[in-house]
Amino acid sequence: MSDTTTSAQHGPPHPEPHGLNVPHGVCALLFPGLGHLVRGEPRRALFAAIGVLGMFFGGLLIGGVDVVDSKEDKWWFYGQAFVGPLAFGVDWYHQNHLKAHPVPGVPPGAGSDASFTTSDAQLGDRGEHKLRSVLPGEKRVVTDVEVLVGRGGVQSTRRLPVVVPAGEGEGPPNTKSLAKVNEIGTLYALCAGMLNLIVVLDALFPTLRRKPKPAVGTSAAASAKAGASHG
Amino acid sequence: MADLSLGMLTLAYRPFLDPLDLHDVWFWLLVPLAVLIAVAYKAVRVPDMGQYWKQTALFSGQIILGVVGLFIAAIIVLNYVLPAWT
């Protein structure tokens with residue numbers, strides 16, 4: 001407030017010069033609030049972490065892990081990614097431990113195992129056997145899949161997660177959220193990323209925030225006012 | 001098929017893997033969202049941490065009032081302005 005009083009007398013306010021503290025910015029990006037903790041502001045760090053992590057895990061709780069998906073909801077994930085490695089870790093788990101390839105398989109016959117055949121082109125991001133969420137009535141199993149590689153069709157065997165029909169009492173490893181619950185969960189995680197971006201910027205440019213100077217600021221403003229009235 | 005559906009219905013809720021069934025009360029989720037936004041934002045923006053909780057409560061209220069205001073504005077536009085205009 002003292003800045004405003006002084007600037008009102010001497011022209012428009014000028015932003016304080018700010019520094020650049022890369023290590024604190026990097027720490028803030030690694031984990032919400034870590035930059036402020038390293039800077040010696042544990043209370044700010046704690047509240048920033050509670051806010052950001054509360055929103056991120058709140059979103060996961062409301063909409064399930066489905067709300068963090070760099071493949072199917074990539075534009076949302078670009079915002080969520082500002083939460084840091086945590087968001088990438090959740091997305092990695094989602095992609096690699098919950099999704100599966102919808103490779104059509106021959107059911108196991110008498111004395112033989114199920115067989116699955118596809119090609120590397122079909123397994124790619126634009127192929128019809130690309131990774132997708134496992135739906136109700138299906139389950140995820142990791143099994144040997146015959147993959148035809150390249151145009152020559154060189155055959156190789158890979159262990160891949162595939163989608164198969166679920167039996168009684170079985171189901172998908174996670175449930176896709178729908179409608180408003182999915183939207184709100186995604187919004188929570190997105191807001192977590194956006195707020196953490198503000199926290200990171202505050203750690204990166206530490207003096208952008210007005211510094212607390214209650215005693216000095218108040219007395220300076222009071223003396224400036226007194227001086228103005230006497231003059 | 002009936003057995004399969006019954007089996008699926010009896011699967012237990014798994015936190016963070018399955019969504020919560022909050023479709024009927026989704027709008028109430030905006031309240032904790034507003035509070036958490038205020039908690040994180042004011043943690044790095046408030047100059048004096050002695051004012052933190054007051055500022056957080058004020059900002060939470062402003063966000064909620066803003067969203068409610070947008071809701072009312074949308075209702076007015078959709079139900080009154082647009083029908084009169086078209």
Side-chain angles (χ1 to χ4, degrees), chain A residues 1 32-33 36 41 43-52 54-55 57-58 60-67 90 98 136-137 165-185 187-188 191-192 194-196 198-199 201-203 209-214, chain B residues 1-64 66-68 70-71 74:
Chain A
M1 291 305 285
H36 289 79
E41 295 181 303
R43 283 192 74 196
R44 291 187 191 277
L46 177 67
F47 292 136
I50 288 173
V52 172
M55 274 184 281
F57 286 108
L60 288 176
L61 188 66
I62 292 166
V65 72
D66 182 53
V67 301
V90 170
L98 300 176
E168 186 178 355
E170 296 175 329
N174 70 307
T175 306
K176 273 186 85 68
S177 52
L178 300 170
K180 286 284 186 279
V181 169
N182 178 264
E183 293 166 14
I184 294 289
L187 183 68
Y188 263 68
C191 286
M194 295 291 96
L195 261 296
N196 199 43
I198 294 174
V199 175
L201 289 176
D202 191 74
R209 176 168 41 78
R210 287 174 296 171
K211 290 178 181 174
K213 38 187 175 182
Chain B
M1 190 63 190
D3 291 342
L4 183 67
S5 301
L6 185 63
M8 281 159 45
L9 285 172
T10 53
L11 289 176
Y13 165 72
R14 300 159 296 180
F16 299 108
L17 291 175
D18 301 330
L20 289 168
D21 186 12
L22 298 172
H23 289 90
D24 294 334
V25 292
W26 66 268
F27 41 84
W28 289 111
L29 296 172
L30 292 172
V31 176
L33 180 64
V35 171
L36 288 168
I37 287 174
V39 165
Y41 184 76
K42 288 297 177 183
V44 296
R45 298 305 300 173
V46 70
D48 178 11
M49 286 301 278
Q51 297 287 313
Y52 176 73
W53 289 114
K54 183 183 171 187
Q55 291 282 323
T56 301
L58 186 65
F59 191 41
S60 303
Q62 287 172 336
I63 295 172
I64 292 168
V67 172
V68 171
L70 285 172
F71 166 73

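Just so it is clear: chains get the letters A, B, ... in the order the sequence lines come, proteins before strands, and each one is counted from 1.
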Engineer: Tell me, with the steps shown, if A:Met194 and A:Asn196 meet side chain to side chain contact (heavy atoms under 4.5 Å, CB included).
Structural biologist: CA-CA 5 Å; A:Met194 295 291 96; A:Asn196 199 43; over 6 Å; no
Engineer: Under the side chain to side chain contact (heavy atoms under 4.5 Å, CB included) rule, what do B:Arg14 and A:Thr175 come out as? Steps first, then yes or no, please.
Structural biologist: CA-CA 9 Å; B:Arg14 300 159 296 180; A:Thr175 306; 3.8 Å; yes
Engineer: Look at the aromatic rings of B:Tyr41 and B:Phe59 and report parallel, tilted or perpendicular, splitting at 30° and 60°.
Structural biologist: tilted
Engineer: Start with the C-alpha gap between A:Tyr188 and A:Ile62, add the side-chain angles, then the distance that decides, and say whether side chain to side chain contact (heavy atoms under 4.5 Å, CB included) holds.
Structural biologist: CA-CA 9 Å; A:Tyr188 263 68; A:Ile62 292 166; 3.9 Å; yes
Engineer: Under 4.5 Å from any heavy atom of chain B, what part of A:Pro173 do you find: side chain, backbone, both or neither?
Structural biologist: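 Backbone only.
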Engineer: Check whether any side-chain heavy atom of A:Val67 lies under 4.5 Å from a side-chain heavy atom of A:Ser177, and answer yes or no.
Structural biologist: yes
Engineer: If you count heavy-atom pairs within less than 4.5 Å of chain A, which of B:Val39, B:Val35, B:Leu20 leads?
Structural biologist: B:Leu20
Engineer: Where on A:Leu46 is there a heavy atom nearer than 4.5 Å to chain B: the side chain, the backbone, both, or neither?
Structural biologist: neither
Engineer: Against chain A, label B:Phe27 side chain, backbone, both or neither, depending on which of its atoms sit under 4.5 Å from a heavy atom there.
Structural biologist: neither
Engineer: Would you mind telling me which of A:Asn174, A:Leu98, A:Asp66 has the largest number of heavy-atom pairs within less than 4.5 Å of chain B?
Structural biologist: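 It is A:Asn174.
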Engineer: Go through A:Ala49, A:Gly64, A:Gly58 and name the one with the most non-hydrogen pairs under 4.5 angstrom from chain B.
Structural biologist: A:Gly64
Engineer: Please identify, among B:Leu30, B:Ile37, B:Leu22, the residue contributing the most non-hydrogen atom pairs under 4.5 Å to chain A.
Structural biologist: B:Ile37
Engineer: Given heavy-atom pairs under 4.5 angstrom as the criterion, report whether the side chain, backbone, both or neither of A:Ile184 touches chain B.
Structural biologist: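 For A:Ile184, the contact with chain B is made by the side chain alone.
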Engineer: Before you tell me yes or no, could you show the steps for A:Asp202 and B:Arg45 under side chain to side chain contact (heavy atoms under 4.5 Å, CB included), namely the whole-Å CA-CA distance, both residues' side-chain angles and the distance that decides it to 0.1 Å?
Structural biologist: CA-CA 8 Å; A:Asp202 191 74; B:Arg45 298 305 300 173; 4.1 Å; yes
